[in-house]
Amino acid sequence: MGGGYSRKPGARSKIKKYKKKTWLCRRAKDTDQIQDEIEKAAATGVPANKFEYDDELPGGGQFFCVETGKHFADAKALADHKKSRYYKRRCKELKEEKYTQETAELAGGMTKEKLPPAHGGGKNGA
């Protein structure tokens with residue numbers, strides 16, 4: 001008979017919570033955050049990919065990809081990454097215009113256009 005094994009009630013919810021927590025901590029930076037970093041680097045004149053040596057980061061923090069926000073162990077890994085599909089897609093996304101609050105309001109139908117008065121505006125005094 002095909003019994004299989006059974007789990008305790010609520011065991012799956014623990015797995016879902018774990019998966020969600022680990023996904024959030026390893027999540028890539030959003031495109032608008034990266035665009036802000038690139039603009040700030042251009043304004044200050046300091047390159048965004050320069051870090052001081054740090055033992056905690058892969059490769060001491062010396063091999064960093066600005067477009068994806070990832071650190072790499074050595075120059076070869078960074079060069080291979082720059083040939084990848086993920087990197088090329090991210091570069092294409094970064095070339096698009098930044099999404100602002102104004103574009104969100106326009107998409108939601110909250111226009112800021114001036115409409116003429118509905119009943120003539122009272123010029124004639126009627």
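Values below: every heavy atom of this structure, side chains too, minus hydrogens, waters and symmetry copies.
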Under a single-linkage definition using a 4.5 Å side-chain heavy-atom cutoff for Ile, Leu, Val, Met, Phe, Trp and Tyr, are [X] and [Y] assigned to the same hydrophobic cluster?
X     : Y     : value
Val66 : Phe63 : no
Ile34 : Leu57 : no
Tyr86 : Leu78 : no

### Query
Between Tyr87 and His81, how do the two ring planes meet: parallel, tilted or perpendicular, split at 30° and 60°?
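Judged by the thresholds at 30° and 60°, the geometry between Tyr87 and His81 is perpendicular.
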### Task
Check the pair Asp36 / Gln33 against side chain to side chain contact (heavy atoms under 4.5 Å, CB included), numbers first and verdict last.
CA-CA 5 Å; Asp36 288 338; Gln33 291 174 320; 5.5 Å; no
### Query
Hey, is the main chain of Gly60 close enough, under 3.5 Å, to the side chain of Gln62 for a donor-acceptor pair?
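Answer holds: yes.
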Roughly how far apart are [X] [atom1] and [Y] [atom2], rounded to 0.5 Å?
X     : Y     : atom1 : atom2 : answer
Thr68 : Arg89 : OG1   : CZ    : 14.0 Å
Lys82 : Asp80 : NZ    : CG    : 12.0 Å
Glu97 : Gln35 : CD    : CD    : 9.5 Å
Glu37 : Glu67 : CD    : CD    : 11.0 Å

### Query
Is the number of heavy atoms from other residues, nucleotides or ligands under 6.0 Å of Lys98 NZ greater than 12?
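Atom NZ in Lys98 is crowded, with more than 12 foreign heavy atoms closer than 6.0 Å.
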### Task
Could you walk me through whether Thr31 and Arg90 pass the side chain to side chain contact (heavy atoms under 4.5 Å, CB included) test, one step at a time?
CA-CA 8 Å; Thr31 54; Arg90 184 52 82 98; 4.1 Å; yes
### Query
Between Phe72 and Cys65, what is the shortest heavy-atom contact and its length?
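Answer, listing the atom of Phe72 first, then Cys65: CE1-CB, 3.9 Å.
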